[in-house]
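Working notes for the structure below.
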Amino acid sequence: MVVSGGLAGVRNQLVVHYDGSWTSRSGTKAPRTGRMTPAEAAELRAALEDPAYARVPARPTGGPVPDGFQYFLTYRHRLVVTGDGERPPALQRVFAALPDGGPPTRP
């Protein structure tokens, strides 16, 4: 997942591997790493493989939020782009399952 935008123009990234290990990059700071528990990794996979997630639109359906963030989520070659305020329940479930709720929105 990549998050970009906001007043500061951030571009931060969170990569989660199948084994639950993850790396978060925020601006010029040193990358942070960690590992999800097997149960946390299983919940993330379940959220991403939920048929409801497959129906989440691939592109934003509403207008942009001034100084808002855009989120680019890639899983198994499918890219979903969403903005602030556009999180249907299936997408909220994915965000909730990510380490720290996804990449940071601060520089």
Side-chain angles (χ1 to χ4, degrees):
M1 175 179 280
V2 173
V3 61
S4 68
L7 287 172
V10 302
R11 180 166 169 46
N12 299 331
Q13 179 182 38
L14 172 67
V15 176
V16 180
H17 299 278
Y18 191 81
D19 68 356
S21 63
W22 58 267
T23 303
S24 179
R25 291 181 170 79
S26 180
T28 59
K29 297 176 185 172
R32 291 183 8 194
T33 60
R35 182 175 296 276
M36 301 172 78
T37 67
E40 290 168 337
E43 174 53 31
L44 177 57
R45 277 191 300 278
L48 290 164
E49 293 171 2
D50 185 333
Y53 176 72
R55 292 188 298 275
V56 170
R59 297 289 181 262
T61 56
V65 174
D67 297 320
F69 294 99
Q70 278 198 308
Y71 304 87
F72 302 82
L73 177 62
T74 304
Y75 179 69
R76 291 194 175 176
H77 308 291
R78 179 176 185 242
L79 172 65
V80 172
V81 180
T82 190
D84 284 337
E86 293 188 273
R87 290 193 195 165
L91 194 53
Q92 287 177 357
R93 181 179 175 201
V94 171
F95 272 74
L98 289 168
D100 299 328
T105 54
R106 58 194 174 284

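For the numbers below, each heavy atom of this structure counts, side chains included, while hydrogens, waters and symmetry mates do not.
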Candidate pair Phe69 and Val10, rule side chain to side chain contact (heavy atoms under 4.5 Å, CB included), full reasoning:
CA-CA 9 Å; Phe69 294 99; Val10 302; 3.5 Å; yes
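- Leu14 pairs with exactly one of Leu98, Val2, Leu73 by the side-chain contact (heavy atoms from CB on, under 4.5 Å) rule, that one being Leu98.
- Of all non-hydrogen atoms in Gly20 and Ala41, the two that sit nearest each other are CA-CB, 4.1 Å.
- Expressed to the nearest 0.5 Å, how far CG of Leu48 lies from CZ of Arg93 amounts to 9.0 Å.
- Taking each heavy atom of Val80 and Pro57 in turn, the nearest pair found is CG1-O, 3.6 Å.
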Please determine whether side chain to side chain contact (heavy atoms under 4.5 Å, CB included) holds for the pair Asp100 and Trp22, giving the CA-CA distance in whole Å, both sets of side-chain angles, and the decisive distance to 0.1 Å.
CA-CA 11 Å; Asp100 299 328; Trp22 58 267; 4.3 Å; yes
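- With rounding to the nearest 0.5 Å, the separation of OG1 in Thr23 from CD in Gln13 is 8.5 Å.
- Checked by atom type and distance alone, the side chain of Arg25 never pairs as donor or acceptor with a backbone atom of Pro103 at under 3.5 Å.
- In this structure, the side chain of Arg35 engages the main chain of Asp19 through a donor-acceptor pair within 3.5 Å.
- In this structure, Arg45 forms a cation-pi arrangement with Tyr18, its terminal cationic atom sitting closer than 6.0 Å to the ring centre and no more than 45° off the ring axis.
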Step by step, work out the side chain to side chain contact (heavy atoms under 4.5 Å, CB included) result for Arg59 and Leu79.
CA-CA 9 Å; Arg59 297 289 181 262; Leu79 172 65; 3.9 Å; yes
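- Put simply, the side chain of Gln70 never gets that close to the backbone of Ser4: no donor and acceptor are under 3.5 Å apart.
- Listed by chain and number, the residues in a ring pair (Phe, Tyr, Trp, His ring centres under 6.0 Å) with Phe95 are Tyr71 (sequence neighbours excluded).
- In plain terms, the two heavy atoms of Val94 and Leu44 that are nearest each other are O-CD1, 4.0 Å.
- The hydrophobic clustering, which links ILVMFWY residues whose side-chain heavy atoms are closer than 4.5 Å, places Tyr75 and Met1 together.
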Would you please test Arg76 and Glu49 for side chain to side chain contact (heavy atoms under 4.5 Å, CB included) and show each step?
CA-CA 10 Å; Arg76 291 194 175 176; Glu49 293 171 2; 3.4 Å; yes
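- Applying the ring pair (Phe, Tyr, Trp, His ring centres under 6.0 Å) definition to pairs two or more places apart or across chains, none involves residues 38-65.
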